Amino acid sequence: MRFDVITLFPELFAPHLEVGVTRRAYAGGSLQLKLWPLRDFAEGNYRRVDDRPFGGGPGMVMMAPPLERALSAVRGARAQEAGEGEGEGAAPRAPLIHFSPTGRKLDQALVRELAAGSGAVLLCGRYEGIDQRFLDRHVDLEVSLGDFVLSGGELPALALLDAVARLQPGVLQDAASHQQDSFEDGLLDCPHYSRPEQLPRADGGVDAVPDVLLSGHHGRIARWRRERSLEITARRRADLIEAARAAGRLSKEDERFLRSLKLDATP
Ligand code: 9WO
């Protein structure tokens with residue numbers, strides 16, 4: 001799967017390509033990332049990509065013409081690559097994704113949708129934003145990380161790439177690892193513990209690992225983890241319990257456990 005990123009700051013993507021599990025997705029070839037530095041598509045001695053907003057006001061706006069040229073180059077390169085892959089007819093055009101707080105909130109369902117597709121073109125805005133005419137013409141999907149403002153779309157693009165990269169086959173240490181994750185089953189994650197078994201505290205006491213995790217009883221451990229997931233989700237994200245229930249993802253045993261919890265009205 002291939003992602004193309006149109007950005008003024010391609011160097012921000014280097015760590016994602018060079019470090020940790022995401023590097024494996026690219027090294028293994030399941031994921032391809034092509035960066036398109038917007039400055040390369042600017043014209044004139046000053047290589048301008050931004051200009052003052054019509055109507056006045058502070059800041060600068062990303063101009064449409066360099067973006068049009070960059071997107072044409074991306075579309076051309078993607079078409080060429082698809083043609084080299086022979087047969088199979090016309091693949092659906094990769095969606096152009098723009099990152100904005102006004103977009104659809106990124107969640108694991110959207111990540112899975114994108115991981116199952118043939119990639120996307122990611123458009124990273126800077127300054128006060130992008131000329132609306134370019135957005136109206138080309139953007140297929142706006143994606144938001146939440147209700148806050150950043151200085152550019154690069155970090156949201158990296159978040160999306162990171163989430164998609166770790167779903168590529170062979171990227172995680174073992175395949176079961178993301179099956180257990182928070183959100184893969186629509187619940188928050190259970191707590192995790194490692195050595196030492198006894199962690200000394202400043203007050204002279206110790207914090208111990210829950211006994212059940214040392215018991216070697218896999219059935220009881222799985223049940224304990226399930227209950228911790230259900231409990232933290234019920235306390236922090238009652239909406240996710242409701243969604244899991246509606247999707248038929250809660251067993252009778254889960255429901256019995258949830259009824260046993262003393263849930264506070266205010267968290
Ligand atoms: C900024 C903004 C603020 C309030 C309401 C809507 C908004 N849209 C944008 C916007 O598209 N800004 C562009 C991208 C240009 C300036 C930097 N950009 C940006 C994206 N800032 N913050 C984001 C963002 C994207 C996804 N999730 C959270 C924040």
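Both counts, for ligands and for their atoms, begin at 1 and track the order of listing. These figures come from a predicted structure and were not determined experimentally.
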Does Val143 have a non-hydrogen atom less than 4.0 Å from ligand 1?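 Yes.
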Tell me, please: is His98 in heavy-atom contact with ligand 1, that is, under 4.0 Å?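 Yes, that is the case, since the closest heavy atom of the residue is under 4.0 Å from the ligand.
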Using 4.0 Å as the upper bound for N to carboxylate O, is an ion pair formed by [Y] and [X]?
| X | Y | result |
| --- | --- | --- |
| Asp254 | Arg223 | yes |
| Glu242 | Arg245 | yes |
| Arg75 | Glu68 | no |
| Asp185 | Arg249 | no |
| Lys105 | Asp107 | no |
| Arg220 | Asp211 | no |

Determine, for Trp224 and Arg228, whether the Lys NZ or Arg CZ falls below 6.0 Å from the six-membered ring centre while staying within 45 degrees of the axis. yes
With atoms numbered from 1 as shown, which atoms in ligand 1 lie under 4.0 angstrom from a non-hydrogen atom of [X]?
| X | value |
| --- | --- |
| Gly129 | 15 (C) |
| Val149 | 3 (C), 22 (N) |
| Ser151 | 17 (C) |
| Tyr127 | 15 (C), 16 (C) |

Indicate yes or no: does an N/O atom of Leu150 lie under 3.5 Å from an N/O atom of ligand 1? yes
Arg126 to ligand 1: N or O pair under 3.5 Å?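 There is no such contact.
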Closest protein heavy atom (residue, atom, distance) for [atom]:
| atom | result |
| --- | --- |
| atom 6 (C) of ligand 1 | Thr102 CG2, 3.4 Å |
| atom 29 (C) of ligand 1 | Phe148 O, 3.2 Å |
| atom 8 (N) of ligand 1 | Ser100 OG, 3.2 Å |

Among Pro101, Pro156, Gly153, Gly103, which one has a heavy atom closest to atom 1 (C) of ligand 1? Pro101
Name the option, out of Gly152, Gly59, Gly146, that contains the heavy atom nearest to atom 18 (N) of ligand 1.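 Result: the heavy atom closest to atom 18 (N) of ligand 1 is in Gly152.
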Considering only heavy atoms, does Cys124 approach ligand 1 within less than 4.0 Å through its side chain, its backbone, both, or neither? neither
Students often mix this up, so state it plainly: with edges at 30° and 60°, are the rings of His16 and Tyr26 parallel, tilted or perpendicular?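 Rings of His16 and Tyr26: perpendicular, as their planes differ by over 60°.
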Hey, is atom 12 (N) of ligand 1 under 4.0 Å from any protein heavy atom?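 For atom 12 (N) of ligand 1 the answer is no, since every protein heavy atom stays at 4.0 Å or beyond.
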For the side chain of Arg48 and the backbone of Ala42, is there at least one donor-acceptor N/O pair under 3.5 Å apart?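 No: the side chain of Arg48 does not pair with the backbone of Ala42.
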Go through it in stages, so that I can follow the logic: the residues are Met62 and Leu38, the test is side chain to side chain contact (heavy atoms under 4.5 Å, CB included), and I'd like the CA-CA distance, side-chain angles, deciding distance and then a yes or no. CA-CA 10 Å; Met62 289 173 77; Leu38 186 60; 3.3 Å; yes
